[in-house]
Asker: 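Before I ask anything, here is the structure I am working with.
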Amino acid sequence: MIARLEELIRLAQERPPTRVAVAAAAHNLVLQSVQRAVGLGLVIPLLVGREEEIRAEAEAIGWDLHGAQLVPTPTNKAAAIAAVDLVRQGKAQVLMKGYLHTAEMLHAILDHNTGLRTDRLLSHVFVLEVPTYHKLLLITDAAINITPDITQKAAITQNAVDLARRLGVERPKVAALSSIETINPNIPSTVHAACLSKMAERGQIKGAIVDGPLAFDNAISAQAAQEKGIVSPVSGDVDVVVVPDLDAGNILSKNLEYLARAKMAGIVMGAAAPVVLTSRSDPPGARVYSLALAGLLCC
Ligand code: COD
């Protein structure tokens with residue numbers, strides 16, 4: 001079982017470098033992270049975007065673009081489409097979002113004719129190394145599905161469980177989160193969480209123990225659960241938290257990143273290839289961990 005994000009890099013270095021198509025690459029943080037990943041032997045980049053801007057940004061960070069291929073496009077939208085196409089053609093194994101809006105990247109991925117759709121739901125998983133928690137914590141979905149219904153949440157859960165298993169957790173413990181641990185029909189996330197728990201019991205979600213509704217404290221701390229008299233097979237040892245909606249997940253992840261100094265990686269599951277979808281403000285470290293994770297998932 002992988003316990004630290006640094007291990008992702010070590011494991012990815014045991015494999016040949018991954019060919020990564022970077023959509024809208026002309027940005028210093030994007031190029032810094034790709035340069036670092038090239039230096040670590042993790043990736044061979046195809047930098048898609050405005051050529052002059054990519055060259056200027058690369059020069060500004062002191063990178064001669066050695067080891068990178070440039071694919072010129074006039075706009076961000078064209079860059080997103082071209083990067084997706086490089087993956088479809090097999091010229092790249094991983095897609096990475098550069099400096100463009102998430103929705104713009106997702107529209108290119110979701111295009112019926114030219115995208116990277118499969119029969120699965122696309123969902124995002126953050127993998128966090130939180131200094132105050134004893135194992136990696138997966139948070140889903142904080143970046144793609146805005147207000148998922150129960151069917152979508154089951155798919156989101158399955159995608160995260162599959163990722164946790166790829167990271168070596170044999171039977172991931174999943175907390176379906178809400179703000180309380182009892183069912184209140186006026187709080188839809190409590191009903192969703194209870195359904196997910198039952199769906200896992202009945203084999204509609206496979207390979208995991210799912211419990212919910214749980215509030216975040218009862219999920220993460222066995223002591224908090226005990227004090228509330230909650231008996232849960234996952235409390236205090238959770239691998240995956242499924243959040244009520246995108247807002248909750250986004251706030252939770254960024255809270256842990258900024259206030260608890262969590263390190264993080266992020267990946268999109270359910271597409272025809274791994275997609276690195278970091279936020280435009282993410283530091284290079286998060287992007288390098290994400291590239292290492294994508295490299296481990298692509299073959
Ligand atoms: N997986 C697979 N197919 C999907 C998904 C998904 N997650 N979401 C939509 N689709 C398909 C639908 O089935 C349909 O065929 C087509 O895509 C369009 O569906 P719509 O009209 O419901 O979706 P859109 O195009 O309005 O929006 C889809 C987005 C993923 C772009 C949208 O949900 C979105 O903007 N998400 C938030 C992205 C974001 O801003 N994240 C930032 C947080 S950091």
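No experiment lies behind these values; they were computed from the predicted model shown. For the numbers below, each heavy atom of this structure counts, side chains included, while hydrogens, waters and symmetry mates do not.
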Asker: Which residues satisfy the side-chain hydrogen bond (donor to acceptor under 3.5 Å, both in side chains) test with Arg166, sequence neighbours excluded?
Answerer: none
Asker: Can you tell me if Asn218 uses its side chain to pair, donor with acceptor, with the backbone of Ile180 under 3.5 Å?
Answerer: no
Asker: Flag yes if Leu116 and Ile156 sit in one hydrophobic cluster, no otherwise; membership is Ile, Leu, Val, Met, Phe, Trp, Tyr, and two members link when side-chain heavy atoms are under 4.5 Å apart.
Answerer: no
Asker: Under 3.5 Å, side chain of Lys198 to main-chain N/O of Cys195, donor-acceptor pair present?
Answerer: no
Asker: Please answer whether the main-chain N or O of Thr190 pairs with a side-chain N or O of Asn184 as donor and acceptor at a distance below 3.5 Å.
Answerer: no
Asker: Got a donor-acceptor contact below 3.5 angstrom from the Thr118 side chain to the Gly270 backbone?
Answerer: yes
Asker: Would you please name every residue forming a side chain to side chain contact (heavy atoms under 4.5 Å, CB included) with Leu11, sequence neighbours left out?
Answerer: Ile2, Glu14, Leu296
Asker: Rounded to the nearest 0.5 Å, how far does CG of Leu8 lie from CD of Gln13?
Answerer: 11.0 Å
Asker: Apply the side-chain contact (heavy atoms from CB on, under 4.5 Å) test between Val87 and each candidate in Val275, Leu95, Val20; give the one that qualifies.
Answerer: Leu95
Asker: Going only through I, L, V, M, F, W and Y residues with side-chain contacts under 4.5 Å, is there a path from Val125 to Val161?
Answerer: yes
Asker: Under a 4.5 Å side-chain heavy-atom rule over Ile, Leu, Val, Met, Phe, Trp and Tyr, are Leu214 and Ile220 clustered together?
Answerer: yes
Asker: Can you list the residues that meet the side chain to side chain contact (heavy atoms under 4.5 Å, CB included) rule with Ser221, with sequence neighbours excluded?
Answerer: Gln223, Ala224
Asker: Can you check whether Val238's main-chain N or O pairs, donor with acceptor, with Tyr133's side chain at less than 3.5 Å?
Answerer: yes
Asker: Please lay out, stage by stage, how Ile251 and Val243 fare under the test side-chain contact (heavy atoms from CB on, under 4.5 Å).
Answerer: CA-CA 10 Å; Ile251 292 166; Val243 295; over 6 Å; no
Asker: Taking side-chain hydrogen bond (donor to acceptor under 3.5 Å, both in side chains) as the cut-off, I'd like each qualifying pair that reaches into residues 68-79, sequence neighbours left out, listed once.
Answerer: none
Asker: Does atom CD of Gln226 have more than 12 heavy-atom neighbours from other groups under 6.0 Å away?
Answerer: no
Asker: Counting only heavy atoms not in Arg15, do more than 12 fall under 6.0 Å of its CZ?
Answerer: yes
Asker: Taking Val127's backbone N and O only, do any of them form a donor-acceptor pair with Lys263's side chain (distance below 3.5 Å, no angle check)?
Answerer: no
Asker: Is a donor on one side and an acceptor on the other found under 3.5 Å between the side chain of Ser178 and the backbone of Ala215?
Answerer: no
Asker: Hey, is the main chain of Val276 close enough, under 3.5 Å, to the side chain of Ser290 for a donor-acceptor pair?
Answerer: no
Asker: Under the side-chain hydrogen bond (donor to acceptor under 3.5 Å, both in side chains) rule, what pairs show up with a residue in residues 81-91, not counting sequence neighbours?
Answerer: Asp85-Gln89, Gln89-Lys91
Asker: Got a second to check how far Leu128's CG is from Tyr289's OH, nearest 0.5 Å?
Answerer: 12.0 Å
Asker: Output yes when a side-chain donor or acceptor of Gln32 lies under 3.5 Å from a complementary backbone atom of Pro284, and no otherwise.
Answerer: no
Asker: Which pairs pass side-chain hydrogen bond (donor to acceptor under 3.5 Å, both in side chains) with one or both residues in residues 231-257, sequence neighbours excluded?
Answerer: His134-Asp237, Lys135-Asp237, Lys135-Asp239, Lys173-Asp237, Asp211-Ser232, Asn250-Lys254
Asker: Residues in side chain to side chain contact (heavy atoms under 4.5 Å, CB included) with Asp149, at least two apart?
Answerer: Thr151, Gln152
Asker: Partners of His124 by ring-ring contact (aromatic ring centres under 6.0 Å, His included), sequence neighbours excluded?
Answerer: Phe126
Asker: Apply side-chain contact (heavy atoms from CB on, under 4.5 Å) to residues Ile109 and Val84 and explain how you reach the verdict.
Answerer: CA-CA 7 Å; Ile109 296 169; Val84 165; 4.1 Å; yes
Asker: Name all residues meeting the side-chain hydrogen bond (donor to acceptor under 3.5 Å, both in side chains) criterion together with Gln204; count only those two or more places apart in sequence or in a different chain, and write none if there are none.
Answerer: none
Asker: Quick one: does any side-chain atom of Arg19 pair with a main-chain N or O of Gln93 as donor and acceptor, under 3.5 Å?
Answerer: no
Asker: I would like to know whether Met269 and Thr140 meet side-chain contact (heavy atoms from CB on, under 4.5 Å); could you show each step before the answer?
Answerer: CA-CA 10 Å; Met269 302 291 288; Thr140 191; over 6 Å; no
Asker: What verdict does the side-chain contact (heavy atoms from CB on, under 4.5 Å) test give for Lys97 and Thr102, after you've listed the backbone C-alpha separation in whole Å, the side-chain angles of each residue and the deciding distance to 0.1 Å?
Answerer: CA-CA 8 Å; Lys97 167 181 167 285; Thr102 302; 3.4 Å; yes
Asker: What are the two closest non-hydrogen atoms of Ala23 and Met105, and how far apart are they?
Answerer: CB-SD, 3.8 Å
Asker: Sequence neighbours left out, cut at 3.5 Å: what donor-acceptor pairs do the side chains of residues 33-52 make with other protein atoms?
Answerer:
| unit_1 | atom_1 | unit_2 | atom_2 | d |
| --- | --- | --- | --- | --- |
| Ser33 | OG | Leu29 | O | 3.1 |
| Ser33 | OG | Val30 | O | 2.7 |
| Arg50 | NE | Pro74 | O | 3.1 |
| Glu51 | OE2 | Arg55 | NE | 3.1 |
| Glu51 | OE2 | Arg55 | NH2 | 3.0 |

Asker: Under a 4.5 Å side-chain heavy-atom rule over Ile, Leu, Val, Met, Phe, Trp and Tyr, are Ile81 and Val22 clustered together?
Answerer: no
Asker: With sequence neighbours excluded, what pairs up with Ala60 under the side chain to side chain contact (heavy atoms under 4.5 Å, CB included) test?
Answerer: none
Asker: List in chain and number order the residues that pass ring-ring contact (aromatic ring centres under 6.0 Å, His included) with Tyr99, two or more places apart in sequence or in another chain; answer none if no residue qualifies.
Answerer: His27
Asker: With hydrophobic residues grouped by side-chain heavy-atom distances under 4.5 Å, do Ile267 and Leu122 end up in a single group?
Answerer: no
